[in-house]
Amino acid sequence: MSEENLYTFENEGYRKTYWHTCSHVLAQAMKRLHPEVKLAIGPSIDNGFYYDFDTPEPFTEGQLEELEAEMRKICKEKLKLERFELPRAEAIAFMEEKGEPFKVELIHDLPEDAVISFYKQGEFTDLCAGPHLDSTGRIKGNAIKLTACNAAYWRGDSSRETLQRIYGIAFPKKDELDEYLAKIEEAKKRDHRRLGKELGLFMLRDEGPGFPFFLPKGMTLKNTLLDYWRKVHKKYGYVEISTPIMLDRQLWERSGHWDHYKNNMYTTVIDEVDFAVKPMNCPGGMLVYASEPHSYRELPLRVGEIGLVHRHELSGALHGLFRVRCFNQDDAHVFMTREQMQDVIQETVRLFDEVYSTFGLSYTIELSTMPEDHIGTVEEWERNQDILKAAITAMGKDFVINEGDGAFYGPKLDFHLADSLGRTWQCGTIQLDSQLPERFELEYTGEDGQKHRPVMIHRVVLGSIERFIGVITEHFAGAFPAWLAPVQVKVLPVTDRAEGYAETVSAQLDALGFRVEVDGRNEKIGKKIREATLEKVPYMLVVGDRDIENGTVSVRHRSGEDLGAMSLDQFAALLGDEVKEMTIK
RNA sequence: GCUGAUGUGGCUCAAUGGCAGAGCAUCUCACUCGUAAUGAGAAGGUUGUGGGUUCGAUUCCCACCAUCAGCUCCA
């Protein structure tokens with residue numbers, strides 16, 4: 001990398017430094033306008049920066065503008081940022097004198113041998129490891145935007161003080177800021193909650209917070225997605241089962257879910273016995289495996305389940321289809337011998353590759369390691385983590401480590417999908433587990449005639465069908481590819497003389513397996529086209545007197561492209577080709 | 001769950017301490033029309049729920065519910 005490149009905004013290190021200095025400018029502006037406010041912390045983040053403040057009164061969005069104005073002033077003042085260090089005791093005394101209790105706490109918690117540094121700009125000094133720009137004059141004042149103010153807990157701990165977090169974004173050029181804000185607007189237009197309503201996919205009601213209702217179009221989408229899922233899984237050798245939604249509490253105690261997950265589980269009593277609604281499908285899957293003896297010849301045994309699970313999520317965490325209290329996992333458990341682990345993991349990653357590429361979604365992989373709350377020995381965990389690493393490394397794939405974020409029973413690979421706006425969503429996961437087979441005493445008979453314990457993976461590709469529908473709704477901005485679109489073709493008669501013809505065309509396409517509707521309303525063709533386009537139906541077939549006479553359909557794509565008149569056979573071949581590309585034989 | 005904001009016909013949004021309005025959608029009628037909105041009319045609301053203040057509350061106050069932005073958590 002050239003020296004010069006280090007100072008461009010595309011350079012992540014420079015960008016973060018720029019935003020970090022912005023956060024100091026924000027804190028300085030806050031102190032100037034509201035000296036009574038206490039400072040917490042103010043880092044840069046992936047998309048800008050924030051600063052947490054302890055304010056006597058909650059901050060409101062209306063107050064952001066005066067802060068921005070003060071920030072612009074500070075930039076104009078071109079204040080030099082100067083770094084200095086203090087010994088621990090002096091550093092504490094310094095912040096105590098300034099009346100900054102959060103800073104004092106931070107210094108107290110720094111390791112014994114830590115260098116304690118400060119950055120000073122004009123009258124403002126902050127505890128900070130740096131680095132920073134050399135002057136507030138480096139920041140383009142009119143390309144700063146404070147985007148939100150919200151609550152956040154001190155140190156992310158819900159038992160501690162609630163602070164006011166102010167978020168901001170900044171760029172070296174005003175154009176770049178405008179471009180960024182336009183992108184945010186675009187994301188809002190794609191919001192799956194809005195599109196879900198506009199396109200009639202799903203709804204949420206006060207009567208069932210976090211429990212989505214699927215409407216006819218959304219149900220078609222969901223079923224199409226599941227048809228595809230089943231075809232792919234069949235190709236990879238999976239069988240499918242379905243296990244009960246509610247099972248005896250003792251089963252959950254045995255699986256460990258009761259100990260580790262009971263706060264999120266819905267429970268009930270049936271004939272004086274405690275039952276729990278499943279938050280995961282695994283225990284049911286264990287019972288199915290354990291219900292009959294198995295031979296090594298059957299392994300790896302791939303058992304899929306579209307399982308409806310319920311989890312009691314905090315009310316404030318609910319968010320459209322992204323975070324719900326009941327959803328379908330495209331779950332599967334693969335039982336195998338230890339020797340098969342690496343192959344099975346790689347085969348699973350290949351399946352993931354096939355599915356994600358179908359939707360044009362790229363991904364990054366995270367390896368989540370042993371959490372504090374876990375079962376099994378450290379040695380077992382490390383062994384399993386190494387197998388996961390080896391499997392993906394051998395496939396030439398990169399990963400980052402997400403320390404301590406594994407499932408309680410084993411380490412996992414998480415697949416974070418990037419959508420068309422570059423936002424990421426965790427969907428797929430492959431979790432390696434040697435604990436549940438132990439707890440459920442699963443066995444298979446080996447070549448040697450002896451009983452052995454299998455190991456297993458838990459895996460989901462789409463994750464939650466509901467969340468995945470939310471993700472692809474935003475990814476495609478509601479304009480689903482033809483194979484997925486709830487309605488693939490809309491036949492639009494120009495006048496009611498063409499209605500009979502339109503019905504015939506529709507019936508023929510329907511017989512070929514296409515999803516087709518006729519707009520037979522007494523409206524002008526322009527209006528029908530407008531509405532079908534807004535519904536994002538891939539193809540419109542305009543049919544009028546000319547078409548009746550020539551036996552054609554006039555094809556228009558939702559993009560606005562006029563494909564002209566063609567025979568119905570020609571159109572069916574065209575659509576058939578488009579749809580075939582994306583589906584499995 | 002926590003902090004803040006919000007809640008008005010199916011949808012998007014007005015308005016007001018004194019009879020709650022518009023556009024779209026719906027229904028009826030007319031028009032029969034060739035590539036992004038034809039016209040006219042009708043119907044549709046206990047203003048999230050429950051209390052309180054007031055002569056009078058949709059408006060002000062309280063509680064609850066839900067939603068939104070975050071925090072925490074997560075598929």
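Note on naming: letters A, B, ... go to the chains in the order of the sequence lines (proteins, then strands), and numbering restarts at 1 for each one. What you see is a predicted model, and the numbers here were worked out from it, not measured in a lab.
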Atom pair distance, as rounded to whole Å: CG in A/D414 and C1' in B/C73: 14 Å
Result of checking A/R515, A/E535, A/K528 against A/K490 for side-chain contact (heavy atoms from CB on, under 4.5 Å): A/E535
Rounded distance (Å) that lies between atom P of B/G39 and atom CD of A/E523: 10 Å
Polar side-chain contact A/R556-B/A36 base: donor and acceptor under 3.5 Å: yes
Sugar-phosphate, base or nothing in reach of A/S315, heavy atoms under 4.0 Å: base
Sugar-phosphate, base or nothing in reach of A/V324, heavy atoms under 4.0 Å: base
B/A14: pairing nucleotide in any strand, Watson-Crick or G-U under 3.5 angstrom: none
Any donor-acceptor N/O pair under 3.5 Å between B/C74 base and A/R467 side chain: yes
Partner nucleotide, any strand, of B/A57 [Watson-Crick/G-U, under 3.5 Å]: none
Sugar-phosphate, base or nothing in reach of A/K412, heavy atoms under 4.0 Å: sugar-phosphate
Options B/A66, B/C71, B/U3, nucleotide nearest the side-chain atoms of A/Q164: B/U3
For atom NZ of A/K528 and atom P of B/U32, their distance in whole Å: 15 Å
Candidate nucleotides B/C68, B/U3, B/C73, ranked by approach to the side chain of A/A151 - the nearest: B/U3
Touch class at under 4.0 angstrom, heavy-atom based, for A/R193 against every strand present: sugar-phosphate
A/H192 and A/H319 aromatic ring geometry - parallel, tilted or perpendicular at 30°/60° bounds: tilted
Under 3.5 Å: donor-acceptor pair, side chain of A/D331, backbone of A/G307: no
Donor-acceptor pair present, A/Y153 side chain and B/G70 base, under 3.5 Å: no
hbond_proxy A/D547 side chain to B/G34 base (donor-acceptor, 3.5 Å cutoff): yes
Parallel, tilted or perpendicular, as decided by the 30° and 60° cut-offs, for the rings of A/Y356 and A/F415: tilted
A/R530 CZ to B/U35 P, straight-line distance once rounded to whole Å: 16 Å
No-H, no-angle donor-acceptor pair, A/N150 side chain to B/U3 base, under 3.5 Å: no
Ring centroids of A/Y167 and B/G70 base under 5.5 Å with planes under 30°: no
Sugar-phosphate, base or nothing in reach of A/V460, heavy atoms under 4.0 Å: nothing
Counterpart base for B/C33, defined by Watson-Crick or G-U wobble contacts under 3.5 Å: none
Whether A/F476 and A/F480 hold their rings parallel, tilted or perpendicular, with breakpoints at 30° and 60°: perpendicular
Sugar-phosphate only, base, or nothing, as touched by A/L314 at under 4.0 Å among non-hydrogen atoms: base
Side chain of A/E531 (C-beta onward), nearest among B/U35, B/A25, B/A75: B/A25
B/C19 - base-pair partner by Watson-Crick or wobble geometry, distances under 3.5 Å: none
Sugar-phosphate, base or nothing in reach of A/R165, heavy atoms under 4.0 Å: sugar-phosphate
Partner nucleotide, any strand, of B/U26 [Watson-Crick/G-U, under 3.5 Å]: B/A42
Interatomic distance where CG belongs to A/D519 and C1' belongs to B/G34 [whole Å]: 14 Å
Touch class at under 4.0 angstrom, heavy-atom based, for A/G316 against every strand present: base
B/A66 pairs with, by Watson-Crick or G-U criteria that keep both distances under 3.5 Å: B/U6
Assigned partner base of B/C71, Watson-Crick or wobble definition, under 3.5 Å: B/G1
Side-chain donor or acceptor of A/N328 paired with backbone N/O of A/I465 under 3.5 Å: no
Short side-chain N/O contact to B/C33 OP1/OP2 from A/T495, under 4.0 Å: no
Sugar-phosphate, base or nothing in reach of A/R205, heavy atoms under 4.0 Å: nothing
